[in-house]
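Below you'll find the structure, written out as structure tokens, and then a few comments.
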Amino acid sequence: LPRLAADAAADLVVMALKGRRKLASLLSRSLAEAAARAASVPVLAVRSKPAPGWPRRILAPVHWAPYGDRALVAARDWAQDLGAELGFLHVFEGFVDDEMERHAVVENVAGLFGGTAPSASWHWAVGLPLEEIARTVQAGGYDLVVVAEHGRETWAEAVFGTTAERVLRGSAVPVLAVPASSPTGAATKGRRRARG
């Protein structure tokens, strides 16, 4: 399946996530994580059948890194096309909430969308991204998280997985993992067929 996903045999891969309790399972990669890491198209991972009208609220964590841009665009497009509310989350990893950084993040997002940031709720947090994503999902009633999957670049990502892989592993709501690069229009095509 990861090989098929990497070969872009579809515009969107949808996979079920199972609960994983044993330590060995926590340290190993799930099939969904492997597919998300290898895929050249978005991978949607779900634990159970979504409620009618899903998604209602979509959360997109905002990264400084360029690899996150496609995920932000996908989150905006899904929200617009499916009539869902959109939320952005930025986590201050330096453990300091900086007003100048807030302004720069909003400007960066606005630049990505042609000078105007889409209508969205903004969330700001200080701490670890994985923990703050889970906290914001619960507090904000989000029912879909859109994350960027960029492949493992550091030793910590090689051992523990990327943030996207860890969100896939632990999220109580569906997660859309968007690769840093993919065939043109893949995220959009899969999204439109999902509601179709």
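Side-chain contact between Asp143 and Pro50: absent, with no pair of heavy atoms (C-beta onward) separated by less than 4.5 Å. The closest side-chain heavy-atom distance from Phe88 to Val105 is not below 4.5 Å. Annotation: side chain of Val106 is not in contact with side chain of Arg102 (no heavy-atom distance under 4.5 Å). Between Asp69 and Val73, the closest side-chain pair of non-hydrogen atoms is not below 4.5 Å. Counting only heavy atoms from C-beta outward, the side chains of Tyr142 and Thr136 approach each other to under 4.5 Å.
In plain terms, the two heavy atoms of Pro42 and Leu12 that are nearest each other are O-CD1, 3.4 Å. The minimum heavy-atom distance linking Leu44 with Pro174 is given by the pair CD1-CB, 4.3 Å. Heavy atoms only, all atoms of each residue included: Leu59 and Leu89 are closest at CD1-CB, 3.9 Å. Contact record, Ala84 with Ile58: CB-CD1, 3.9 Å, taken as the closest heavy-atom pair.
Using a distance-only test at 3.5 Å, with no hydrogens or angles considered, a donor-acceptor pair links the side chain of Arg57 to the main chain of Gly140. A donor-acceptor pair under 3.5 Å is formed between the side chain of Arg70 and the backbone N or O of Pro179.
Exactly one residue among Val146, Val175, Val137 makes a side chain to side chain contact (heavy atoms under 4.5 Å, CB included) with Val167. That residue is Val175. Put simply, the residue from His63, Glu101, His123, Glu132 that forms a side chain to side chain contact (heavy atoms under 4.5 Å, CB included) with His90 is Glu101. When the options Val145, Val91, Leu130, Leu72 are evaluated for a side chain to side chain contact (heavy atoms under 4.5 Å, CB included) with Pro61, the one that passes is Val145. Residue Val41 forms a side chain to side chain contact (heavy atoms under 4.5 Å, CB included) with just one option from Val178, Val13, Asp11, and that option is Val13.
With rounding to the nearest 0.5 Å, the separation of CD in Glu99 from NE2 in His103 is 9.5 Å. Note that CD of Glu149 and CG of Leu176 are 12.0 Å apart. Values are rounded to the nearest 0.5 Å. Taken to the nearest 0.5 Å, the CG atom of Asp98 stands 6.5 Å off from the CZ atom of Phe92. A distance of 13.5 Å separates CG in Leu86 from CH2 in Trp78, rounded to the nearest 0.5 Å.
Counted within 6.0 Å of CD on Gln80, heavy atoms from surrounding residues, nucleotides or ligands total more than 12; the atom is thus considered enclosed.
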